[in-house]
Structures are given as C-alpha cells and as structure tokens.
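Working notes for the structure below.
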Amino acid sequence: MFVSIRTKLLLMTLSSVIILSSAILYISINEHKRLYIETAAQDFSALAQNISEDLVEYFATNNANDFTLSTRLLQLDKYPYVKFAAITDQSGELVHSYINPNYYSEKLQQTIPFLINAQPNQYSDSLLLRTKIGDDSYKLGQFYLYIDLKKQLAQSQSAFIEKLIPLVIAALVFTFLFNNWLQTTAIRPLLNLTRAVEQVEKGQDYTSVQQIKTHSNDEIKQLTLRVSDMLATINKQQQANKSYTEKLVKQQAELIQLANYDQLTGLPNRKMFMDILSRYIKQVDQQYHAIAVILLDIDDFKTVNEAIGHKNGDKLLLEVTKRLKHLLTEDQVLARIGGDEFAIILPEDKTQGNAVHLCDQIIIKLNKNVHIDSWSLQATVSMGIAHAKPSFYDSGLLLANADVALYKAKQNGRNRYIEFVDAMTAQQERRLQIAAAIKSGLANNEFYLLYQPKVKPEVGVVGIEALIRWNSPTLGMVSPDEFIKIAEQTGKINDITRWVIEVGFHQLQTIQQQFDNSLKVSFNLSSMDIFRPNFVSYLIKALSNPKINTQLIQFEITESAYIENFTIAHNFISKVKHLGCSIALDDFGTGYSSLSYLTQVQADTIKIDQFFVRNLFKSEKDSKVTDAIISLAKKLGMTICAEGVETQQQYNYLNALGVDQIQGYYFSKPVAMSQLSETLKKIDEQLTHIAKQA
Ligand code: C2E
Ligand code: CA
Ligand code: CA
C-alpha cells in the first residue's frame with residue numbers, strides 16, 4: 001500500500017502532539033487536584049477553626065444547649081460538601097453532630113464515633129479535619145469536620161477540563177495546520193519532483209525536472225538537481241541512441257536497397273530477380289497458367305559506352321529502362337541483372353505467346369533513336385526467351401535457357417529475339433565442352449599455327465598472318481571463330497595468346513631465316529589481352545629475345561578493341577611500337593567507328609574487313625564506304641590491307657584503288673609453315689600470270 005511521506009509525517013506529528021497534549025492534560029489535572037485539595041483543606045481548616053473558636057464560647061458560658069449548638073452547626077448548610085460535623089467533649093463523648101442530608105441518613109450518627117477515630121484523617125475522596133475546642137491548657141472538646149472532596153473535585157475538575165479542552169483543540173488544530181503548512185512547503189519540491197519523474201515515465205519529457213523551482217537549499221534541492229542531471233544525461237544518451245538507431249535503420253534500409261536493387265536504375269538486381277523468379281515459379285498453376293523469362297542484352301553496349309562516355313552510357317541504360325518499363329504491365333517484373341543485361345519475368349496464357357509479343361514491342365520501341373547530348377543512337381537489343389515448363393520449374397535452369405537463346409540471338413545478328421528450344425541445349429553443351437577443353441588442348445599441343453600470305457600487288461608476298469587451328473581429339477576441328485569467342489567469354493583467351501606468341505615467336509626465327517627477313521609476321525591479339533595488366537610486360541619480355549627482329553612483327557588488334565578503351569589501347573600500342581613492332585587495325589569498318597576516328601589511331605595498317613570486299617560488287621553503298629576508307633587511309637599515310645579477297649575481279653578493283661596488300665583465298669588459304677616456301681613460289685607465278693594478262 002502506498003503511503004506518502006506527507007501522510008506519514010502528518011501522522012507522526014499528530015500522534016506526538018496528541019501524546020504530548022494528553023501528558024500535559026494528565027499532569028495539569030493531577031496538579032489541579034493537588035492544588036484543589038490543598039486549597040480546600042486550608043479553607044475548611046479555617047472554617048473548622050472558626051467554628052471551634054465559636055464553640056469555645058458555647059462551652060464556656062455553659063448555657064450551651066443543643067439548640068445553640070445545632071444553630072451554629074446548621075450554618076454548615078452553606079457548604080454543600082460538608083458531609084458531616086461533630087462535636088465531642090473533653091472526654092471525647094459526642095456532644096452534638098451535623099449531618100448533611102445529601103450524604104447521610106440519621107442512622108449515620110452511630111458511625112460517627114467510628115469515623116472520627118479512624119486514621120488517617122484524609123481518605124481518598126474525603127477529608128476529616130480535627131480542631132481543638134479551647135487550647136492545650138484549657139481543652140474543652142474536639143470539633144470534627146468531614147468534607148466530601150470527590151464531588152467538589154469532580155465538579156471543579158470538569159470545569160477545569162471544560163476550559164482546557166478548547167485550548168487543547170486549538171493547540172492541536174494550530175499544530176496540525178502549522179505542521180501541514182511546514183511539511184507542504186518542505187515536501188512540495190519533493191512532490192513536484194515525484195510528479196515530474198512520473199511525467200518523464202509517461203511522456204518521456206526529460207526537461208520537466210529542470211523546470212522544478214526549489215527555494216530551499218536542502219537535501220530535496222540537492223536531490224532535484226541530481227535527478228535533473230541524471231535525466232539530462234539519460235536524455236542525452238537517449239537522443240544519441242535515437243539518432244544512432246535512426247542511423248542504423250537507415251543503413252539497414254540502404255543495405256537492403258544495395259543488396260537487392262540496382263543503384264543506377266532502381267530496378268531489382270540479379271539476386272532479387274532470382275528470388276522473385278522462384279516466387280513466380282511457385283505460383284504457376286495457382287495464380288498463373290505459365291511464366292516466361294526474357295533475357296535482354298543491349299547490342300554492342302561496351303563499344304557504345306566507350307564511344308559516348310560512361311556517363312552517357314548510364315543515360316542510355318536509363319532510357320532503355322524507361323522504355324521497357326513503359327511496355328510492361330503490373331504483373332511483369334523488370335530487373336537489371338548485369339551491366340547491359342536486363343531480365344523480364346512475365347506470366348503467360350495457354351498459347352505462351354505473351355513473351356514473343358512483348359519482344360516484338362520491345363524491338364519496335366527501342367529502334368527509335370535515343371538522343372543523348374549531341375549523340376543520336378539506336379540502342380538495339382538481343383533477347384532470349386525461355387518458357388517455364390511444368391516438367392521443370394527451376395529458376396536457375398530457366399535463366400540458363402534464356403541465356404542460351406540470347407546467345408543464339410546475338411550469333412544470328414543481334415537486334416532480334418530467339419525462343420529457347422531443347423536443341424539449343426546441345427549447342428550450349430558444346431560451348432561448355434569447348435571451354436572446358438581449351439586448357440588441356442593447349443597443354444597437349446592440340447593447337448597449331450597456319451600462315452596466310454599478304455600479297456603486295458605486282459611485287460609479291462610481303463607478310464603472313466599467323467592463324468590458330470585446333471584439332472581436338474574429342475571435338476574434332478574447332479574453328480577459331482567459335483573457340484576464340486568462347487575463350488574470351490570464359491577468360492581463357494590469354495592462355496591461347498601466350499601459346500600463340502610462344503610458338504609463333506619460335507617459328508618466326510625459322511621463317512625469317514628461310515625468307516631472308518623479307519616477311520612481316522602478324523599475330524592476332526584480343527582486346528582482353530590488351531586490357532590485361534601484366535600482358536605488356538609479358539610481351540616486352542618475349543620481344544626482348546635478341547634473336548627476334550621486332551621490325552618484322554605486327555600485331556593485329558580489332559577496331560572494336562581499340563574503341564573499348566582508347567587510353568589503354570593507346571598506351572599499349574605506344575609501348576609495342578616503341579619496341580619496333582607495327583600495329584594493324586583488324587576488321588576495319590565493321591565496328592562502331594566513324595571515319596574521322598582513323599585520324600586519332602596510332603595504327604600503321606588498316607585491314608579492310610572481308611564484309612566490304614565481299615560486297616564490292618553487290619552493294620554500291622558498301623563499295624563507296626570502301627573507297628572512302630581507302631582514300632582517307634592513304635591520305636593519312638597508312639598501309640591498307642584488304643582481307644578475304646577471293647576473285648580476280650576483287651583483286652583488280654582493290655589494286656586500282658591503290659590497296660597495298662591483298663590477303664585472301666585468291667592467292668592462298670592459310671598454310672602450315674612447311675608449305676610456305678611452295679605457296680610463295682605459286683603466288684609469284686600467279687602474279688606473273690596476272691601481269692601478263694594486263
Ligand atoms: P581474322 O583475324 O579476320 O582472320 C581472317 C580470317 O579470314 C581467317 O579465318 C582466315 O582463314 C579467313 N580468310 C582469309 N581469306 C579468306 C577468304 O578469301 N575467304 C574467306 N571466306 N575467309 C578468308 P580463321 O583463321 O578461321 O580465323 C577466324 C578469326 O579467328 C580471325 O579473324 C581472328 O579474329 C581469330 N583468330 C584466328 N587466329 C587467332 C589467334 O591466333 N589469336 C586470336 N586472338 N584470334 C585469332
Ligand atoms: Ca586478323
Ligand atoms: Ca580480319
């Protein structure tokens with residue numbers, strides 16, 4: 001049970017005041033009694049003395065009769081508390097008596113002698129006075145006066161108490177009020193403090209305690225100050241905790257955002273996409289009839305990104321995101337699962353045509369040019385579709401199938417979509433087999449090099465290009481067009497390049513000896529090689545072999561590799577050229593570049609892609625581009641090599657335009673080193689023949 005300090009104090013003071021007043025009352029009453037008895041004894045002694053003196057006269061005159069005596073004694077009627085009076089003579093014989101009828105009956109008379117002889121003379125509630133009549137020398141008798149003390153004392157006491165009680169009550173009330181006031185003033189700050197602390201508990205308002213005003217300078221003030229300090233500390237701590245918690249919550253939200261969403265587009269990332277896909281798969285049959293996944297990859301994004309800058313590349317991604325979002329309905333999910341890779345999950349109906357329909361729309365929507373800064377681009381995409389079949393509801397497999405279809409779409413010329421069919425799994429398997437077999441193939445010497453001559457019209461073979469071949473015991477002949485791409489995609493290309501350099505540089509020495517240092521030997525490099533940090537140092541070391549004449553070495557780098565990272569490519573080319581090697585820009589014209597880009601490259605030679613050669617007499621536009629490339633390269637003082645020349649007509653045309661080197665089946669397919677001498681002889685004869693014809 002809660003009892004406040006105030007009540008306790010009040011009870012304490014009240015009880016002490018009551019005890020105190022009771023004690024005083026008790027003492028006062030006792031004292032009053034003592035004084036009263038004393039005074040009464042004095043008074044009645046005087047009365048008794050008086051009467052005794054009067055009685056002397058009666059006894060002396062001897063005419064004293066009963067009547068006079070009783071007259072005298074009857075005067076005692078004035079004193080209501082006199083119980084009785086008695087007169088005895090010298091011999092102690094009762095002479096006369098007076099009895100107060102209020103106390104005794106006449107019968108009492110007989111007991112009087114007994115009473116007056118009794119000792120002591122004062123009973124607890126009565127007083128017996130004995131007075132001599134006459135003096136010691138002349139003793140006449142005794143006068144007895146018996147007085148009732150009890151009654152008169154009781155009366156006097158009640159009168160006394162009546163006067164005392166209001167005083168006591170007044171004192172009590174005053175004490176109570178004064179105490180109350182005193183305690184209230186003393187305790188008020190404590191009560192305020194209690195209330196303020198309650199407030200803190202309820203409302204978490206830590207400032208209310210500071211507002212408590214204490215005028216007194218006592219423990220309560222100290223306590224208030226301490227509590228205030230303590231609460232201020234708690235408050236501070238709480239504030240700190242609060243902001244810390246807020247920070248944590250924010251960080252957590254950011255972490256969730258970071259872990260699940262792509263920062264640029266705000267779309268779900270790969271991880272979240274897989275989670276959502278699993279959820280969708282679970283809902284097939286219940287909520288959806290079927291679902292499909294579309295994997296979408298922006299064509300040539302890497303090249304575009306380098307050309308227009310990363311910032312603009314991001315803008316392009318955002319624009320693609322915007323356009324895709326525009327096409328999607330609410331139950332379709334778009335995610336960005338890689339740099340330029342997006343994925344869509346969509347529910348399908350019975351015909352399973354929803355994904356195809358969406359892909360058609362995407363192609364139309366994305367084929368509209370995108371304007372970023374001064375650039376006007378067409379961001380085409382390749383897409384792979386995979387339908388979730390009731391037989392397999394595995395999110396990973398579904399995505400892998402979409403990926404196979406996407407790969408196929410890219411192979412088939414981009415800006416298109418392809419639906420996954422089971423047959424593709426076989427192709428995918430081959431891809432995986434090839435990737436897996438490369439390493440052991442290199443170790444087991446399953447690879448070898450062929451060389452294709454480059455012919456200077458009317459002069460002869462001036463160079464050869466090293467081209468790799470792979471005869472795998474398990475896979476058979478694998479075309480470099482196939483395995484180089486796979487090697488690049490699976491990070492194995494550098495192993496191949498190192499093998500080519502090692503074997504090629506070794507054979508180079510034999511070739512140069514055989515042909516009197518008259519042939520320039522070209523080696524193909526992948527963009528992956530150039531961007532590999534220690535590749536340059538590796539190459540420098542390989543080229544530092546004193547038996548190698550670096551002047552007779554050329555590296556072919558594709559135009560797109562150059563564009564992918566201009567700075568790194570530039571740096572690489574500078575270093576290689578510094579060692580005496582030359583650089584050819586391979587597959588020129590197929591990449592993204594504009595012609596003006598030619599003025600900025602450091603290549604010595606450009607190799608016009610086979611595509612243009614093939615189209616020389618088929619497409620007027622392509623032949624015009626070829627003319628333009630040739631004339632610009634000539635103006636820039638570059639050597640021009642045309643690839644894939646298969647006919648005399650092509651040869652004549654290119655020769656007329658002043659192309660420096662011709663490479664193609666027209667002169668020779670790539671041949672083994674051992675056949676080079678014979679091939680070169682044949683080509684010489686062919687040139688003689690051509691000259692004769694002219
Ligand atoms: P590329 O560098 O453009 O090589 C020219 C390709 O065209 C060679 O194919 C060659 O055999 C072929 N070719 C030459 N003349 C003609 C012709 O008149 N008609 C036709 N239809 N084709 C012709 P290959 O050897 O199959 O190589 C294909 C590609 O593989 C090469 O294209 C090159 O990009 C890559 N490659 C080949 N060897 C290596 C290598 O050692 N390292 C690297 N990184 N890539 C290589
Ligand atoms: Ca080449
Ligand atoms: Ca080429």
Side-chain angles (χ1 to χ4, degrees), residues 434 438 441-442 446-455 461 463-471 477-508 520-532 535 539 553-562 572 582-591 603-616 626 629 639-651 654 659 661-673 675 679 683 686:
I434 289 174
I438 289 174
L442 288 170
E446 292 165 20
F447 292 87
Y448 57 94
L449 289 177
L450 294 185
Y451 296 92
Q452 186 177 35
K454 295 175 179 175
V455 181
V461 176
I464 49 176
E465 179 180 359
L467 293 161
I468 195 167
R469 293 292 175 264
W470 182 16
N471 188 5
M477 283 302 294
V478 187
S479 153
D481 271 328
E482 190 179 9
F483 73 78
I484 293 285
K485 246 186 235 167
I486 295 168
E488 281 177 338
Q489 284 162 356
T490 52
K492 295 186 166 90
I493 187 65
N494 204 244
D495 294 336
I496 293 178
T497 305
R498 286 180 188 226
W499 182 91
V500 170
I501 301 271
E502 211 173 290
V503 175
F505 279 20
H506 185 74
Q507 294 184 347
L508 180 89
K520 210 171 227 187
V521 184
S522 303
F523 296 95
N524 290 286
L525 295 179
S526 157
S527 61
M528 302 267 183
D529 297 323
I530 300 170
F531 301 144
R532 218 181 155 91
F535 183 70
L539 207 58
I553 291 178
Q554 187 174 63
F555 292 107
E556 296 191 5
I557 298 163
T558 57
E559 178 200 4
S560 56
Y562 207 123
F572 176 83
S582 59
I583 298 289
L585 215 52
D586 210 351
D587 302 344
F588 193 84
T590 54
D604 315 272
T605 304
I606 63 159
K607 294 187 78 177
I608 297 170
D609 196 76
Q610 313 190 1
F611 169 84
F612 293 101
V613 177
R614 219 178 297 137
N615 282 358
L616 273 183
T626 313
I629 293 172
T639 306
I640 304 154
C641 175
E643 291 186 285
V645 178
E646 292 181 354
T647 63
Q648 190 169 358
Q649 189 189 21
Q650 289 165 343
Y651 170 80
L654 294 164
V659 169
Q661 296 170 6
I662 302 290
Q663 184 182 354
Y665 295 171
Y666 176 60
F667 287 111
S668 168
K669 286 195 170 183
V671 295
M673 186 176 68
Q675 289 179 293
T679 307
I683 291 172
Q686 196 178 344

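Order of listing sets the numbers, starting from 1, for every ligand and every atom in it.
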Just heavy atoms, cut-off under 4.0 Å: does K607 contact ligand 1 by side chain, backbone, both, or neither? neither

At what distance is the nearest protein heavy atom to atom 38 (N) of ligand 1, and which residue and atom is it? I468 N, 3.1 Å

Please verify the inter-ring angle class for F483 with W470; under 30° counts as parallel, over 60° as perpendicular, anything in between as tilted. perpendicular

Protein heavy atom at shortest distance from atom 44 (N) of ligand 1: N524 O, 3.7 Å

Write the atom name of the N, O or S atom in D587 that is nearest the Ca ion (ligand 3). OD1

Going by the side chain to side chain contact (heavy atoms under 4.5 Å, CB included) test, name the single residue among Q554, K520, E643 that passes it with K454. Q554

Nearest option to atom 18 (O) of ligand 1, as decided by whichever heavy atom of F483, W499, Y665, W470 sits closest: Y665

Does ligand 1 have any atom sitting under 4.0 Å from a heavy atom of D481? yes

Heavy-atom nearest neighbour in the protein, as seen from atom 24 (P) of ligand 1, with distance rounded to 0.1 Å: P480 CG, 3.7 Å

If every non-hydrogen atom of T490 is compared with every non-hydrogen atom of I486, which pair is closest and at what distance? OG1-O, 2.6 Å

Angle at the Ca ion (ligand 2), OE2 of E465 to OE1 of E556, rounded to 10 degrees, please. 90°

I'd like to check N471 versus M477 (side-chain heavy atoms, cut-off strictly below 4.5 Å). Are they in contact? yes

Give me the residue, atom name and distance of the protein heavy atom closest to atom 13 (N) of ligand 1. Q610 NE2, 3.4 Å

Atom CD in Q452, atom OH in Y665: separation rounded to 0.5 Å? 6.5 Å

To which protein heavy atom is atom 31 (C) of ligand 1 closest, and what is the distance rounded to 0.1 Å? L467 CD2, 4.4 Å

Here the pair of heavy atoms bringing K607 nearest to E465 is NZ-OE1, 2.8 Å

Pairwise side-chain contact, W499 with L449, heavy-atom cut-off 4.5 Å (strictly under): yes

4.0 Å protein heavy-atom contact status of atom 26 (O) of ligand 1, strictly under: yes

Heavy-atom nearest option to atom 5 (C) of ligand 1, drawn from E643, Q663, K669: E643

Heavy-atom side-chain contact between I496 and I468 under 4.5 Å: yes

Are any N, O or S atoms from N524 nearer to the Ca ion (ligand 2) than 3.0 Å? yes

Any N/O of T497 closer than 3.5 Å to an N/O of ligand 1? no

Here the gap from E556 atom CD to T605 atom OG1, rounded to the nearest 0.5 Å, amounts to 8.5 Å

Note the single closest protein heavy atom to atom 15 (N) of ligand 1, along with its residue, its atom name and the distance in Å. Q452 NE2, 3.0 Å

What's the separation between atom CG in L467 and atom OH in Y448, rounded to the nearest 0.5 Å? 11.5 Å

Nearest 0.5 Å please: distance from the OG1 atom of T558 over to the CG atom of D586. 7.0 Å

Can you list the atoms of ligand 1 that are under 4.0 Å from a heavy atom of E465? 2 (O), 4 (O)

Out of I496, V500, L450, indicate the one that has the non-hydrogen atom closest to atom 41 (O) of ligand 1. V500

Can you tell if the side chain of V461 reaches within under 4.5 Å of the side chain of V455, non-hydrogen atoms only? yes

In ligand 1, which numbered atoms sit nearer than 4.0 Å to a non-hydrogen atom of E646? 17 (C), 18 (O), 19 (N), 20 (C), 21 (N)

Centroid separation under 6.0 Å, is that true for the rings of F612 and F588? no

Any idea which atoms of ligand 1 are less than 4.0 Å away from a heavy-atom of D587? 3 (O)

Nearest protein heavy-atom contact for atom 11 (O) of ligand 1: which residue, which atom, what distance? P670 CG, 3.5 Å

Should you measure from each heavy atom of G664, which atoms of ligand 1 turn up under 4.0 Å away? 15 (N), 18 (O)

Work out the angle at the Ca ion (ligand 3) between OE1 of E643 and OD1 of D586, rounded to 10°. 90°

